[in-house]
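Start at 1 with the first residue, then count along the sequence.
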Amino acid sequence: MYKNIIFDFGGVVVQFNPKDFLMDHFLNKRAEEIVYELTFGSQEWQDLDRGTITREEGNAAMLENAARVNRVFEVQTVIDEWPTILRTKESTVHTMQKLKAAGYRLYYLTNIPADIMDELRQREWFSLFDGGVASCEVHLCKPEPAIYTTLMQTCNLAYDESIFIDDNKVNAQAAYNLGITGILYKNPKSFERALRACGIELG
């Protein structure tokens with residue numbers, strides 16, 4: 001019987017579509033690919049998620065790399081504006097509220113930089129969570145098994161009583177491999193359908 005529902009943030013609780021963001025801003029496929037590799041797809045971005053560099057260090061390194069290929073303006077635009085894509089997915093919050101009302105405990109497991117985590121903590125829905133683990137705080141990232149076991153141990157969760165929702169198939173599969181039920185988030189309707197298939201009553 002499931003008691004714990006674990007949420008990824010980006011793509012599940014908040015919007016996170018970096019390639020759409022780049023397409024809207026640059027309207028040039030080659031430029032989008034180059035800027036993606038310099039920002040969202042960069043080692044610096046992974047290090048920010050892992051909490052091994054500061055935002056200032058990450059931005060400086062990305063701009064330095066951008067200068068080598070004459071893309072400073074584009075990378076600075078991403079640095080300045082990308083947090084605007086992190087809009088709350090109201091449909092997910094509504095489902096979270098229903099789960100909470102039905103007696104389920106809610107947790108988060110997310111790859112996220114420290115400054116963005118601080119911002120999300122201020123949002124009204126954050127109080128729905130009973131606990132969780134952010135990559136930047138434990139220096140581990142999904143889909144590494146250790147970040148899942150850190151969450152389970154820290155919050156004292158039973159694997160067979162827990163469901164994990166992520167919009168990344170590899171991350172959902174990593175949870176499943178450890179004995180946690182994994183749901184791949186695609187859209188609100190399929191998400192609620194998957195919950196019901198697990199016997200989760202949403203009222």
Side-chain angles (χ1 to χ4, degrees), residues 2 4-24 32-33 35-52 58 78 82-93 95-96 99 106-117 119-120 123 125-126 129 131-152 154-155 157 159 162-195 197-198 200:
Y2 294 113
N4 316 305
I5 317 295
I6 307 161
F7 289 81
D8 170 40
F9 281 163
V12 178
V13 183
V14 296
Q15 302 278 1
F16 184 65
N17 299 303
K19 294 196 172 173
D20 288 351
F21 169 85
L22 294 174
M23 188 167 62
D24 290 345
E32 291 157 24
E33 289 169 354
V35 176
Y36 181 87
E37 291 305 319
L38 289 166
T39 54
F40 300 107
S42 68
Q43 183 61 50
E44 289 76 26
W45 204 271
Q46 290 180 45
D47 292 343
L48 284 165
D49 276 350
R50 197 175 290 276
T52 54
V78 173
W82 83 268
T84 63
I85 68 178
L86 299 172
R87 294 183 299 278
T88 294
K89 291 172 75 81
E90 297 297 344
S91 60
T92 301
V93 172
T95 300
M96 287 164 57
L99 288 166
L106 307 185
Y107 298 89
Y108 59 85
L109 181 65
T110 184
N111 289 352
I112 193 168
D115 57 324
I116 300 300
M117 187 65 193
E119 194 272 315
L120 295 188
R123 300 201 187 182
W125 47 261
F126 196 86
F129 289 104
V133 165
S135 61
C136 59
E137 295 168 352
V138 295
H139 310 307
L140 297 164
C141 287
K142 296 175 297 181
E144 296 162 13
I147 194 170
Y148 299 84
T149 56
T150 298
L151 170 71
M152 304 309 276
T154 302
C155 297
L157 307 182
Y159 287 74
S162 303
I163 294 173
F164 172 61
I165 302 108
D166 200 299
D167 65 324
N168 181 304
K169 189 175 182 179
V170 174
N171 294 342
Q173 182 67 43
Y176 177 80
N177 292 345
L178 292 168
I180 304 164
T181 296
I183 291 177
L184 178 63
Y185 184 94
K186 294 179 181 176
N187 57 61
K189 283 188 176 176
S190 70
F191 173 39
E192 291 209 356
R193 229 176 10 249
L195 288 174
C198 293
I200 303 291

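- Of the inter-residue distances, the one linking Glu32 atom CD with Glu37 atom CD reads 12.5 Å to the nearest 0.5 angstrom.
- Scanning both residues, Ala134 and Met117, for their nearest heavy atoms gives CB-SD, 3.9 Å.
- Atom CZ of Phe126 has more than 12 heavy atoms from other residues, nucleotides or ligands within 6.0 Å.
- When atom types are taken as modelled, the side chain of Ser135 and the backbone of Asp49 share a donor-acceptor pair closer than 3.5 angstrom.
- Below 30°, between 30° and 60°, or above 60°: for Phe164 and Tyr148 the angle between ring planes is above 60°, a perpendicular geometry.
- Annotation: the span from Leu195 atom CG to Ile163 atom CD1 amounts to 6.0 Å, rounded to 0.5 Å.
- Applying ring pair (Phe, Tyr, Trp, His ring centres under 6.0 Å) to Tyr108 and the options Trp125, Phe129, Phe7 leaves one that passes, Phe129.
- With contacts defined as side-chain heavy-atom distances shorter than 4.5 Å, the pair Ile5/Ile200 qualifies.
- Looking at Val13, Val93, Val14 one by one, the single match for side chain to side chain contact (heavy atoms under 4.5 Å, CB included) with Arg123 turns out to be Val14.
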* To do: Begin from the C-alpha positions of Trp82 and Ile116 and carry the test side-chain contact (heavy atoms from CB on, under 4.5 Å) through to its verdict.
  => CA-CA 11 Å; Trp82 83 268; Ile116 300 300; 3.7 Å; yes
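- Here the two rings, on Phe16 and Phe9, have centers that are 6.0 Å apart or farther.
- Here CD1 of Ile183 is found 13.0 Å from CG of Asp167. Values are rounded to the nearest 0.5 Å.
- Rounding to the nearest 0.5 angstrom, the gap separating the CG atom in Leu22 from the OG1 atom in Thr39 is 5.5 Å.
- For Gln43, the side-chain hydrogen bond (donor to acceptor under 3.5 Å, both in side chains) criterion is met by Asp47, not counting sequence neighbours.
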* Asked: So Phe40 and Val78, side-chain contact (heavy atoms from CB on, under 4.5 Å) or not? Walk me through it.
  -> CA-CA 9 Å; Phe40 300 107; Val78 173; 3.9 Å; yes
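- Tyr185 and Ser91 get closest at one heavy-atom pair: OH-OG, 4.1 Å.
- Scanning all heavy atoms of the two residues, the minimum distance from Val170 to Asn168 falls at N-OD1, 2.8 Å.
- A 4.5 Å side-chain heavy-atom check between Ile180 and Leu157 finds every atom pair outside the cut-off.
- Pairs passing the salt bridge (charged side-chain N to carboxylate O under 4.0 Å, His left out) check and including a residue from residues 135-144, sequence neighbours excluded, read Asp8-Lys142, Arg50-Glu144, Arg121-Glu137, Lys142-Asp166.
- Taking all atoms of both residues into account, the shortest heavy-atom contact from Cys155 to Gly131 is SG-C, 4.3 Å.
- Considering CD1 of Ile147 and CG of Leu109, their distance stands at 5.0 Å, rounded to 0.5 Å.
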* Asked: So Ile85 and Gln15, side-chain contact (heavy atoms from CB on, under 4.5 Å) or not? Walk me through it.
  -> CA-CA 6 Å; Ile85 68 178; Gln15 302 278 1; 5.6 Å; no
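- Summarising the geometry, atom CE belonging to Met152 is positioned 6.5 Å from atom CG belonging to Asn4; distances are rounded to the nearest 0.5 Å.
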